[in-house]
J.: 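Would you mind keeping the following structure in view while I ask a few things?
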Amino acid sequence: MRNIRWYSVILVCFILVLLPGNTIHGQQLPNMDVHFIDVGQGDSILIETPADKTILIDGGTPESGKDIVNFIKKQQINKIDLLIVTHPDIDHIGGLSKVMKSFKIEKIMDSGKLYTTKTYRKYLGQIAKQDIPVEIAKKDQMIKLDPSLEIRVLNTYEPFRSNNESSIALKVTYNKMDFLFMSDIEKKQEKVLTKIEDLQAEVLKVAHHGSRTSSSKEFLEKVKPQVAILTYSKQNDYGHPVDRVIENLYKVDASIFSTAVFGNITISTNGKEYYIWTEKGPASGLYKG
């Protein structure tokens with residue numbers, strides 16, 4: 001079954017990459033787009049909600065700031081309604097100074113985890129300069145931005161936690177479609193989340209770029225993702241993604257897409273069905289190469 005679904009998803013990708021989007025299922029245009037922006041070794045995710053609200057989760061590395069801005073502009077977006085900053089590591093906040101200079105940011109949701117780096121100080125400086133309201137995320141908080149969506153905070157900062165352990169993790173539900181955005185959380189946080197009754201999600205943004213610190217088999221068995229998104233650079237010094245994570249994703253029958261192979265990845269959904277657009281084909285290999 002895994003191979004059947006994998007090939008069917010890939011076929012959809014090929015069709016949608018090769019042909020104009022408005023020629024495919026034109027009568028059933030999806031209402032929500034989730035863009036996994038290729039920022040190399042880092043995270044940046046843009047969500048266009050059914051009510052035309054925009055959410056940006058993280059801002060990649062300092063070098064990727066310009067690419068993120070250009071990608072957002074290509075979507076004809078000039079305002080970010082909610083900027084979610086999952087944690088203060090450089091590969092998640094590095095490009096945000098450029099983003100904040102380029103777009104009006106209505107509000108920031110931050111984990112509340114403080115850091116002492118130059119990049120973090122630049123991030124705080126731009127918040128002050130642009131006078132952007134900041135809210136500290138609370139566990140189990142429901143984010144009210146679009147009435148058609150349920151957005152729940154699953155994990156955030158607690159005292160004595162590391163940056164990764166303090167990452168904001170989210171579940172976004174649109175009708176029958178569920179997305180899990182795990183940022184860089186670790187196995188300890190995953191174990192807590194497995195106690196949640198409804199953790200299942202069709203789409204999983206794999207935690208910490210496929211690092212050995214996350215994606216336990218027990219957690220993935222509870223989520224049962226149909227699609228797993230990995231965000232990493234082929235040329236990275238961390239060995240991401242590790243073999244164990246890939247094997248665990250295979251074991252739960254997930255189809256795997258990575259920004260390292262496919263570039264920018266967009267998942268569009270009307271709340272019942274979903275379609276996947278990729279910037280590149282898989283000619284360079286399915287995973288790390």
Side-chain angles (χ1 to χ4, degrees), residues 39 41-47 55-62 80-97 99-100 105-128 130-145 149-173 179-196 199 201 204-216 219 222-223 231 238 240:
V39 294
Q41 189 67 23
D43 274 12
S44 189
I45 303 162
L46 175 68
I47 303 174
I55 303 170
L56 183 66
I57 305 175
D58 290 337
T61 63
I80 304 297
D81 293 291
L82 180 62
L83 172 58
I84 298 175
V85 183
T86 63
H87 64 295
D89 282 354
I90 191 170
D91 58 328
H92 290 254
I93 67 168
L96 289 182
S97 292
V99 171
M100 287 187 276
I105 310 294
E106 293 289 349
K107 183 179 178 180
I108 291 176
M109 175 170 282
D110 190 283
S111 68
K113 175 69 175 177
L114 302 178
Y115 211 28
T116 57
T117 62
K118 181 180 177 180
T119 303
Y120 183 68
R121 290 195 298 271
K122 286 180 65 176
Y123 159 69
L124 293 180
Q126 277 302 315
I127 291 175
Q130 306 294 338
D131 194 24
I132 304 171
V134 178
E135 178 182 358
I136 303 302
K138 298 178 178 62
K139 187 177 179 181
D140 295 323
Q141 174 182 354
M142 299 299 292
I143 299 174
K144 297 179 180 180
L145 183 67
L149 300 181
E150 290 184 6
I151 307 175
R152 180 182 176 187
V153 177
L154 301 179
N155 187 78
T156 189
Y157 169 69
E158 290 180 10
F160 310 111
R161 281 187 174 182
S162 68
N163 287 357
N164 290 342
E165 292 171 331
S166 298
S167 297
I168 296 176
L170 301 166
K171 183 173 185 179
V172 178
T173 300
F179 291 75
L180 280 181
F181 302 98
M182 304 316 297
S183 187
D184 283 2
I185 70 164
E186 300 190 354
K187 292 177 186 176
K188 185 176 181 180
Q189 288 73 53
E190 290 180 346
K191 187 174 182 179
V192 173
L193 293 182
T194 58
K195 299 175 183 178
I196 296 175
L199 192 63
L204 170 70
K205 201 295 289 185
V206 176
H208 202 190
H209 322 290
S211 166
R212 61 180 177 79
T213 61
S214 313
S215 303
S216 66
F219 173 75
K222 190 69 182 286
V223 177
T231 54
Y238 310 101
H240 297 161

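Scope of the values below: all heavy atoms of this structure, side chains included, with no hydrogens, waters or symmetry mates.
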J.: Under 4.5 Å between any side-chain heavy atoms of Thr231 and Val39, yes or no?
T.: no
J.: What pair of heavy atoms forms the shortest contact from Pro88 to Ile93, and how long is it?
T.: O-CD1, 3.4 Å
J.: Does Val99 reach the side chain of Leu56, with side-chain heavy atoms less than 4.5 Å apart?
T.: yes
J.: Determine whether Thr156 and Met109 make a side-chain contact, defined as any pair of heavy atoms from C-beta on separated by less than 4.5 Å.
T.: no
J.: Compare every heavy atom of Phe219 with every heavy atom of Thr194, then report the nearest pair and how far apart it is.
T.: CG2-CA, 3.8 Å
J.: Would you compute the distance between atom CG of Leu96 and atom CD1 of Ile80 and round it to the nearest 0.5 angstrom?
T.: 10.5 Å
J.: Hey, what do you get for CG (Leu124) to CD (Gln126), rounding to the nearest 0.5 Å?
T.: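 That separation rounds to 10.5 Å.
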J.: Where do Ser111 and Tyr157 come nearest, in terms of heavy atoms and distance?
T.: O-CB, 3.0 Å
J.: Decide yes or no for Asp58 and Phe181: does some side-chain heavy atom of the first lie under 4.5 Å from some side-chain heavy atom of the second?
T.: no
J.: Of the non-hydrogen atoms in Gly60 and Ser44, which two are nearest, and what is the gap between them?
T.: N-CB, 4.1 Å
J.: Going by atom types alone, do Tyr120 and Asn163 pair a side-chain donor with an acceptor below 3.5 Å?
T.: no
J.: Kindly check if the number of other-residue, nucleotide or ligand heavy atoms within 6.0 Å of CG (Asp140) is above 12?
T.: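 More than 12 heavy atoms, drawn from other residues, nucleotides or ligands, come within 6.0 Å of this atom.
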J.: Might you point out which heavy atoms bring Ile108 and Ile127 nearest each other, and give the distance in Å?
T.: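 What the structure gives for the nearest pair is CD1-CG1, 3.6 Å.
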J.: Give, for atom NZ of Lys187 and atom CZ of Arg212, the distance between the pair rounded to the nearest 0.5 Å.
T.: 8.0 Å
J.: Would you check if Leu193 and Ile185 make a side-chain contact, meaning some heavy-atom pair closer than 4.5 Å?
T.: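 Yes. Closest side-chain heavy atoms under 4.5 Å.
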J.: Pick from Glu165, Arg161, Met182, Glu190: which one makes a side-chain contact (heavy atoms from CB on, under 4.5 Å) with Asn155?
T.: Arg161
J.: Applying the side chain to side chain donor-acceptor pair (under 3.5 Å) test to Ser167, which of His87, Gln189, Lys113 qualifies?
T.: His87
J.: Check the pair Ile57, Asp43 against side chain to side chain contact (heavy atoms under 4.5 Å, CB included), reporting the backbone distance first and the verdict last.
T.: CA-CA 8 Å; Ile57 305 175; Asp43 274 12; over 6 Å; no
J.: Begin from the C-alpha positions of Ile196 and Arg152 and carry the test side chain to side chain contact (heavy atoms under 4.5 Å, CB included) through to its verdict.
T.: CA-CA 12 Å; Ile196 296 175; Arg152 180 182 176 187; 4.0 Å; yes
J.: Exactly one of Val153, Val223, Leu180, Ile151 should register a side-chain contact (heavy atoms from CB on, under 4.5 Å) with Lys171. Which one does?
T.: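 It is Leu180; the other options fail the test.
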J.: For Lys122, look at atom NZ and say whether over 12 heavy atoms of other residues, nucleotides or ligands are found less than 6.0 Å away.
T.: no
J.: Flag the pair Thr86 / Asp184 as yes when at least one side-chain heavy-atom distance between them is below 4.5 Å, and no otherwise.
T.: no
J.: What's the spacing between Thr173 OG1 and Leu149 CG if we round to 0.5 Å?
T.: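 So the gap between those two atoms works out to 8.5 Å.
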J.: Is there side-chain contact between His209 and Asp91, with at least one heavy-atom pair below 4.5 Å?
T.: yes
J.: Working to the nearest 0.5 angstrom, can you tell me the gap between Asp110 CG and Ile168 CD1?
T.: 6.5 Å
J.: Is there a side chain to side chain contact (heavy atoms under 4.5 Å, CB included) between Phe179 and Ile45? Walk through the geometry before answering.
T.: CA-CA 12 Å; Phe179 291 75; Ile45 303 162; over 6 Å; no
J.: Lys205 side chain to Ser183 main-chain N or O, any donor-acceptor pair under 3.5 Å?
T.: yes
J.: Does the gap between the ring centers of His92 and His208 come in under 6.0 Å?
T.: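 They do not qualify: ring centres at least 6.0 Å apart.
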J.: Count the heavy atoms of every other residue, nucleotide or ligand shown that sit under 6.0 Å from CD of Glu150, and state whether that count exceeds 12.
T.: no
J.: Apply side chain to side chain contact (heavy atoms under 4.5 Å, CB included) to the pair Ile90 and Thr117, showing each step before the final yes or no.
T.: CA-CA 9 Å; Ile90 191 170; Thr117 62; over 6 Å; no
